[in-house]
2 protein chains.
Amino acid sequence: MDGIDDIDKQLLRLLQQDAKLTTKELASQLGLTLSPVYERIKRLEGLGFIKQYVAVLDKGLLGQPITTFCQVSMRYHDKAFIDKFEEEVQKLEEVQECYHMAGQVDFLLKIHVGSLNDYHDFVKYKLSQIENIGVLNSTFVLKEIKHNLGYYIP
Amino acid sequence: MDGIDDIDKQLLRLLQQDAKLTTKELASQLGLTLSPVYERIKRLEGLGFIKQYVAVLDKGLLGQPITTFCQVSMRYHDKAFIDKFEEEVQKLEEVQECYHMAGQVDFLLKIHVGSLNDYHDFVKYKLSQIENIGVLNSTFVLKEIKHNLGYYIP
DNA sequence: ATCCATGCCGAAAATTTTTCTACAAAGTGT
DNA sequence: ACACTTTGTAGAAAAATTTTCGGCATGGAT
């Protein structure tokens, strides 16, 4: 947490919940005037604490109500195969997240699709087309219990 | 995708990548003038397609470089135990996401901490304190291969 | 004690958001 | 075919916000 103070932290907490808060509103919540708040935001952007601003959409309304986690293990662990897998995964738009994991399984993928049928097609015609996949194990999300968009800031 | 057209979809694609784009910039990219773009955004917000706007922070700079996925199974599956677990998980600030899953394991948790030590403390003093947990299986993220912030919009 | 750096304030300028009126195209009912 | 309504867009004006800038305090260093 190099070089940021409690005011900066509070600013980050507020902005990661609502990026549309105006400098004016932020200033009043922080007990400052416009200028210092404005400068702090620019500084936090410059330092990389704030990476970007995004609109959060409703995946249900977008027609992708199904979320699954898919565990993938490679048959062989040559660097070339690993690189190839990572490269191919980037291209699959259904894959929202992909992590290289420690432990039994090599990769964990988070996938969004519109229906079970779409998931079937995704696995059969896209994912399993990637070379050298050994194990492929999918589990479905029944319910989202918690999904924080921001991080905990100590 | 009830009641939104291709222009709306393109608008959503742009905004979920960069919510700071001005109406002017959006208008020029969409080949429209300010007013229709402005009204479309308000409409998409009203319909719930756009849920909120957030700043995306850098978890490494915030001192939480470690991500783990933790699979949890309950010993007994009475509704009261399930409810209690879901309730307690909400309170744990290290837990960024929690899903009730189909399959062998009951819950999947995504957790952010600052160090392996922090993770140890989290499991020992917080997570495992919740009643009725049977299996608890943690796997660490070695590398983030892909992390789309937005959804794929067909 | 003076100088310099840092952070904040307040006001002005630039830009954007928001509102409002009007026009054109598409669909509906007579 | 005609008038009517609805929908979506354009353009301009008003309101609000962002951005810039000069100045004032506080604190540390020389």
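Below, read A as the first sequence line, B as the second, and so on, with proteins coming before strands; counting in each chain starts at 1.
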> What's the CG-P distance between B/D5 and D/dT7, to the nearest Å?
Replying inline: 14 Å

> A/L30 CG to C/dC9 P: how many Å, rounded?
Replying inline: 11 Å

> So how far is it from A/E88 CD to A/D83 CG, rounded to the nearest 0.5 Å?
Replying inline: 11.5 Å

>> Enumerate the side chain to side chain donor-acceptor pair (under 3.5 Å) contacts for residues 57-72 of chain B, please, sequence neighbours excluded, ordered by first and then second residue.
In response: B/K59-B/E144, B/T67-B/H112, B/T68-B/Y119

>> Return whichever of A/K42 or B/R40 has its heavy-atom-nearest nucleotide of DNA chain D closer to the 5' end.
In response: B/R40

> Got a donor-acceptor contact below 3.5 angstrom from the B/D106 side chain to the B/M74 backbone?
Replying inline: yes

>> I need the A/L92 CG to B/K146 NZ distance, nearest 0.5 Å.
In response: 6.0 Å

> Has the side chain of A/S35 got a donor or acceptor that lies under 3.5 Å from a partner of the other kind on the base of C/dG7?
Replying inline: no

> Hey, is B/K126 close enough to B/E94 for a salt bridge, meaning N to O under 4.0 Å?
Replying inline: yes

> Which part of the nucleic acid does A/L34 contact within heavy-atom distance under 4.0 Å: base, sugar-phosphate only, or nothing?
Replying inline: base

Name every donor-acceptor pair, under 3.5 Å, that has one atom in a side chain of residues 147-154 of chain A and the other anywhere in the protein, sequence neighbours excluded.
none

> Over how many whole Å does the gap from A/R43 atom CZ to D/dT20 atom C1' extend?
Replying inline: 19 Å

> Expressed in angstrom and rounded to an integer, what is the separation of A/E39 atom CD from D/dT18 atom P?
Replying inline: 14 Å

> Would you say D/dT18 has OP1 or OP2 under 4.0 Å from some side-chain N or O of A/Y38?
Replying inline: no

> Contacts to DNA chain D from residues 20-28 of chain A, heavy-atom cutoff under 4.0 Å, which residues?
Replying inline: A/T22, A/T23, A/K24

> Nearest-Å distance, CG (B/L11) to C1' (D/dT9)?
Replying inline: 15 Å

